[in-house]
Amino acid sequence: DEVIDIGTHDDASVDYPQFGAEVGRLVAAEAGTRGLVVCGTGIGISIAANKIPGVRCALVHDSFTAEMARQHNDANVLALGARLIGEEVARECLNVFLDTPFEGGRHAARVAKLSFPS
C-alpha cells in the first residue's frame, strides 16, 4: 500500500485546514483510498477534510469509535487529536480503521444520505 505524507514534518505552527483539505482531495480523487489527519484536538482538521465532497472524515478517540466509523459510516478519513490520545492509542485506532471493512446492509442507505449534492 502506498503512503503519501503531505506533512507537516516539524513542530512549527501551521494552518491545518489546508492539510485537512488536501488529504480530503487526495482521498476523494481515488475510490477506495483512505486518509489520516491529525491536529491538536482533531476537530478543526476533521471539519476541513469534511468540506471536500466525497469525504467522510470521522474524529475518533479509541479503537471502538474507529471500528464504528468504518463499519457503520464507511469513513474514508480518520481524524485524531494529538493532544487527546497517546501514541499507542493512535496507532491502535489507525490499525482498526485500516483493517475494518464497511458492513453495508442497513448502513448503506444512511451513508448515501451523508453525501450532499455539490
Side-chain angles (χ1 to χ4, degrees):
D1 293 331
E2 181 184 8
V3 174
I4 300 171
D5 181 351
I6 64 163
T8 72
H9 300 105
D10 58 39
D11 291 335
S13 181
V14 298
D15 289 332
Y16 61 81
Q18 71 189 37
F19 292 95
E22 181 59 22
V23 169
R25 282 190 283 277
L26 290 169
V27 168
E30 189 171 337
T33 61
R34 297 196 197 147
L36 168 67
V37 294
V38 181
C39 73
T41 64
I43 298 168
I45 204 158
S46 66
I47 292 169
N50 277 320
K51 294 285 186 184
I52 306 302
V55 169
R56 289 175 307 282
C57 181
L59 172 58
V60 306
H61 299 98
D62 52 39
S63 61
F64 177 74
T65 53
E67 181 181 19
M68 292 298 99
R70 283 290 308 135
Q71 201 171 70
H72 291 188
N73 303 112
D74 198 18
N76 53 11
V77 178
L78 174 70
L80 299 171
R83 294 181 186 157
L84 302 178
I85 62 174
E87 186 176 326
E88 193 56 40
V89 173
R91 185 175 285 114
E92 185 179 329
C93 289
L94 178 59
N95 287 333
V96 168
F97 182 79
L98 293 174
D99 292 341
T100 302
F102 176 50
E103 194 173 272
R106 65 188 169 101
H107 305 290
R110 296 172 184 156
V111 169
K113 292 178 181 179
L114 295 174
S115 298
F116 300 98
S118 51

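Asp99 approaches Arg34 most closely through the heavy-atom pair N-NH1, 4.4 Å. The two residues Gly54 and Asn76 come nearest to each other via the heavy atoms O-ND2, 2.9 Å. Nearest heavy-atom pair across Leu26 and Thr33 is O-OG1, 4.0 Å. Across Cys57 and Ala79, no two heavy atoms sit closer than the pair SG-CB, 3.7 Å. Closest approach of Val38 and Ala82 over heavy atoms only: CG1-CB, 3.8 Å. The minimum heavy-atom distance between Ala69 and Val60, with the atom names listed, is CB-CG1, 4.2 Å.
The cluster map of Ile, Leu, Val, Met, Phe, Trp and Tyr, joined by side-chain heavy atoms under 4.5 Å apart, puts Ile45 and Val27 in the same cluster. When hydrophobic clusters are built by joining Ile, Leu, Val, Met, Phe, Trp and Tyr residues whose side-chain heavy atoms come closer than 4.5 Å, directly or via intermediates, Phe64 is not grouped with Ile85. Linking ILVMFWY residues whenever their side-chain heavy atoms come closer than 4.5 Å, directly or via other members, leaves Leu80 and Ile4 in distinct clusters.
Judged as a ring-ring contact (aromatic ring centres under 6.0 Å, His included), the pairs with a partner in residues 65-91 (not counting sequence neighbours) are, in order, His72-His107. Residue pairs satisfying the ring-ring contact (aromatic ring centres under 6.0 Å, His included) criterion with at least one member in residues 3-28, sequence neighbours excluded, are absent.
Through direct or indirect side-chain contacts shorter than 4.5 Å among Ile, Leu, Val, Met, Phe, Trp and Tyr, Leu59 is connected to Ile43, Ile47.
With 3.5 Å as the limit, one finds no donor-acceptor pair spanning the side chains of Thr100 and Glu67.
Annotation for Asp15: atom CG does not count as buried by contact number, only 12 or fewer foreign heavy atoms lying within 6.0 Å. Other residues, nucleotides and ligands contribute over 12 non-hydrogen atoms within 6.0 Å of the CG atom of Asp10.
In this structure Asn73 satisfies the side-chain contact (heavy atoms from CB on, under 4.5 Å) test with no other residue, sequence neighbours excluded. Residues satisfying the side-chain contact (heavy atoms from CB on, under 4.5 Å) criterion with Asp74, sequence neighbours excluded, are Arg56, Arg70, Phe102, Val111. Residues satisfying the side-chain contact (heavy atoms from CB on, under 4.5 Å) criterion with Leu94, sequence neighbours excluded, are Leu36, Leu78, Leu98.
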Requested in this report: Determine, step by step, whether Val77 and Val37 satisfy the side chain to side chain contact (heavy atoms under 4.5 Å, CB included) criterion, reporting the C-alpha distance in whole Å, the side-chain angles of both residues, the deciding distance to 0.1 Å, and the verdict.
Outcome: CA-CA 7 Å; Val77 178; Val37 294; 4.0 Å; yes
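The CD atom of Glu92 sits 7.0 Å away from the CD atom of Glu88 when rounded to the nearest 0.5 Å.
No donor-acceptor pair under 3.5 Å is formed between the side chain of Thr41 and the backbone N or O of Gly81.
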